[in-house]
Amino acid sequence: KKDNLDDLFNRLQGKIDIEEPNDGHQLRFLEKLNKANGVITLAPKKKYAWLPIASIAAAIALLITVGVFQLKNSNTIDDKIAQISPEASKTQFYFANLIEEQVK
């Protein structure tokens, strides 16, 4: 049997077609084969190249928005004390002035 193969290759040497098929040949062949066998091919999933970039941009926009609202709503300790108890604010103001006068 090995001799038969060797003979076959010796006879076909220089006659074997080594050229590449046209682009899409395999895909067209598989489509025809599937159609003949009654197989239905599903459309390939669409790849969205912009989706990861949009996700990153949305995350950055969210972080910036949260940061802006935090800076806008940040109160000093004095403002927070004044909101909690007006009397505590007045007391702090009184003692701050008293210390200032003592330092002078």
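These numbers come from the heavy atoms of this one structure, side chains and all, not from hydrogens, waters or symmetry mates. Everything quoted here is computed from the prediction, not taken from an experiment.
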Quiz prompt | Short side-chain to backbone donor-acceptor contact, R28 and D23, under 3.5 Å | solution =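 Between the backbone of D23 and the side chain of R28 there is a qualifying donor-acceptor contact (under 3.5 Å).
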To the nearest 0.5 Å, tell me how far [X] [atom1] sits from [Y] [atom2].
{"X": "Q26", "Y": "L33", "atom1": "CD", "atom2": "CG", "answer": "11.0 Å"}
{"X": "T65", "Y": "I60", "atom1": "OG1", "atom2": "CD1", "answer": "11.5 Å"}
{"X": "L8", "Y": "N4", "atom1": "CG", "atom2": "CG", "answer": "8.5 Å"}

